[in-house]
Amino acid sequence: MKNLKTLAAITGGAIILSIGYAIAVGDQKVDIAIDNDDGRSIRHMVVGDRGEFILREESRTLEAHWRGDFELSDDGNSIASLDHSIEIELETDNDTKRVVFKDKNGDVKKIYYVDDDEQPEGAETDKTISNLFLQFLRASGHQSDKRVAALLKADGATAVLDELGFLESDHALRRYSVALSEQADLSTEQITELASRLTSIESDHDLRLALDAILENETISAEATPALINAANNIESDHDLRLLVEAFAERPLNDEAMNLAIGLFERIESDHDLRVAAQALLENSDLDAKQAAKLLRTAANEIESDHDMRLILTEIAPMYFKEKLLTDAWIDGFRSLESGHDQRLSIVTVAEEGGRGIHAWLTLITACEDIDSDHDRRLALQAIADEMDDSPELIAAYRTAAAMIENSSDRRRALEAIGDEDDD
């Protein structure tokens, strides 16, 4: 089972994991991501008007501390104005570089230090300051909405897609991708490129949120679908896959979107998550008979639990009599059941819905013959007898199914439901 990525394998003190999560307490929000077995970690905290970002890895530590808000320049690469201050520090094996931005009568004052020694102003200092600020933005994803807006205004979506290649964390890549999806109408080629960029994300949580934003804000074409499925293939958590499929259930489902949903659905291993995802899709009012039939057959192929499969069959029961395509798909799903109890409950639910159509009733009666338990078969047949038409063809099929019941008491009671007596 792939349900969740290995959160911790502790051997000899080594911790191997790839996670991301957020904690909110009052007005405090903390995002933390530990990315690999080298102990690379990210902490991003905002408390009121104060913020802190820390990236630690073997070769360097990048920190930023700020108070108050700050506005980006038109190109999104520097600070145009700020309320109070921001300090960024980069510590490596060679030295410690630090830049302090302060508000000075509406202007931005910049002071640059190397190992606590203030450096003179000049082109080289300005270049280093700009580089430090960009490292902070690209590692943290902070101000992603405003930076994406600036890049879009300057050079369009291509500039943002290029910028994604410079981002240093799953956290930042998710933030920029979400902002891009929300602010731009992307072409098929741009969606494909964005999906390709997302394949580098290791965090299931961040990848799912990035893909969810694309699905929510962009029009998905058949050409873009394979790239999105390829990106989603990196999600190992059944929970995140299910949430991504559920995102489809809240939006219009064209064939391309449904094919993508089915592709994600097939990757889920947990029967529970498969069932919940299927039920969410079946509740979508845009779902047509062809899509519902495909989903039902896919669920029957993927789900091992009779209980979970039966709940899907009962979910779609109101559609059983509407179209032959759905009737036949429902029967195919029913044949994946082995439990007489679940078989009986599935048939009873459909029978109680009532409906017209000789084919639909005949297939339901015939399905009773697959139930091994005499008791469950009898109850299923009785439920059918209460609702079906009394046409000769249906009565004949009913008698045949009832006659196959070995227990004489159950057989007699099944036949009595249509006014017959058991000759034996």
Side-chain angles (χ1 to χ4, degrees), residues 27-36 38-151 154 159 162-173 175-176:
D27 62 351
Q28 174 173 312
K29 181 173 181 292
V30 184
D31 289 312
I32 301 174
I34 303 176
D35 290 340
N36 55 42
D38 294 326
R40 186 177 192 267
S41 66
I42 292 174
R43 172 186 172 93
H44 193 164
M45 180 174 67
V46 177
V47 183
D49 68 342
R50 298 176 183 269
E52 174 185 82
F53 173 80
I54 303 174
L55 181 154
R56 287 194 175 93
E57 52 190 357
E58 184 178 359
S59 60
R60 64 171 182 157
T61 298
L62 176 65
E63 294 190 37
H65 303 267
W66 62 94
R67 180 181 172 190
D69 199 7
F70 58 87
E71 292 294 326
L72 296 177
S73 59
D74 289 341
D75 63 6
N77 294 333
S78 59
I79 297 177
S81 64
L82 72 168
D83 294 339
H84 196 273
S85 65
I86 177 172
E87 180 176 325
I88 302 169
E89 180 178 283
L90 175 65
E91 180 182 353
T92 66
D93 294 337
N94 298 322
D95 55 32
T96 299
K97 299 174 182 177
R98 179 167 58 95
V99 59
V100 179
F101 299 85
K102 291 183 177 181
D103 173 63
K104 186 175 182 180
N105 300 321
D107 292 327
V108 179
K109 180 177 178 59
K110 295 173 284 188
I111 309 171
Y112 174 53
Y113 303 86
V114 176
D115 294 330
D116 292 328
D117 294 328
E118 184 175 343
Q119 302 299 302
E121 298 180 358
E124 191 65 28
T125 293
D126 289 341
K127 181 179 179 180
T128 303
I129 289 173
S130 177
N131 178 266
L132 283 173
F133 184 64
L134 276 179
Q135 283 192 60
F136 159 60
L137 293 179
R138 288 167 170 172
S140 67
H142 192 68
Q143 295 258 23
S144 56
D145 287 350
K146 295 178 181 178
R147 188 146 193 266
V148 166
L151 293 171
D162 289 342
E163 179 66 13
L164 299 184
F166 295 100
L167 303 182
E168 295 191 52
S169 69
D170 292 351
H171 181 74
L173 186 50
R175 287 190 170 202
Y176 273 71

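Heads up: numbering here begins at 1 and tracks the sequence.
Contact record, G76 with R147: O-NE, 2.6 Å, taken as the closest heavy-atom pair. The shortest non-hydrogen separation linking A139 to A172 is O-CB, 3.8 Å. Considering all non-hydrogen atoms of both residues, A150 and D74 come closest at CB-O, 3.3 Å. Shown here for K102 and S85, the closest heavy-atom pair between the two residues is CG-CB, 4.3 Å. In terms of heavy-atom proximity, L134 sits nearest to N77 at CD2-OD1, 3.7 Å.
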Distance-only donor-acceptor pairs under 3.5 Å for side chains of residues 90-100, two or more places apart:
from : atom 1 : to  : atom 2 : distance (Å)
T92  : OG1    : N94 : N      : 3.3
T92  : OG1    : D95 : N      : 3.4
T92  : OG1    : D95 : O      : 3.3

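Annotation: D115, atom CG; neighbour count of heavy atoms from other residues, nucleotides and ligands within 6.0 Å is above 12. Atom NZ of K146 is surrounded by more than 12 heavy atoms from other residues, nucleotides or ligands within 6.0 Å. Heavy-atom neighbours of E121 CD from other residues, nucleotides or ligands within 6.0 Å: at or below the threshold of 12.
The aromatic rings of F136 and W66 lie tilted to each other, with the angle between the two planes from 30° to 60°. Classification of the F70-H142 ring pair by plane angle, with boundaries at 30° and 60°, yields tilted.
Distance alone, capped at 3.5 Å, places no donor-acceptor pair between the T61 side chain and the R56 backbone. S73 contributes a side-chain N or O that, together with a main-chain N or O of S78, makes up a donor-acceptor pair within less than 3.5 Å. In this structure, the side chain of Q119 engages the main chain of D117 through a donor-acceptor pair within 3.5 Å.
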Exercise for review: Evaluate the side-chain contact (heavy atoms from CB on, under 4.5 Å) criterion for residues Q143 and D69: first the C-alpha distance (whole Å), next the side-chain angles of each, then the deciding distance (0.1 Å), finally the verdict.
Suggested key: CA-CA 10 Å; Q143 295 258 23; D69 199 7; 3.4 Å; yes
Review point. Could you walk me through whether R67 and D49 pass the side-chain contact (heavy atoms from CB on, under 4.5 Å) check?
Key: CA-CA 6 Å; R67 180 181 172 190; D49 68 342; 4.0 Å; yes
**Study point:** Audit row: D103, D83, side-chain contact (heavy atoms from CB on, under 4.5 Å) steps and yes/no
**Key:** CA-CA 6 Å; D103 173 63; D83 294 339; over 6 Å; no
**Study point:** Residue pair F166, L137: steps toward the side-chain contact (heavy atoms from CB on, under 4.5 Å) verdict
**Key:** CA-CA 10 Å; F166 295 100; L137 293 179; over 6 Å; no
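Under the 4.5 Å side-chain criterion, counting only non-hydrogen atoms from C-beta, F101 is in contact with I88.
Ionic pairing of R138 and E163 is present here: one or more N-O contacts between side-chain nitrogen and carboxylate oxygen are shorter than 4.0 angstrom.
Between I54 atom CD1 and H65 atom NE2 the span is 5.0 Å, to the nearest 0.5 Å. Note that CZ of F53 is 10.0 Å distant from CD of E63, once rounded to the nearest 0.5 Å.
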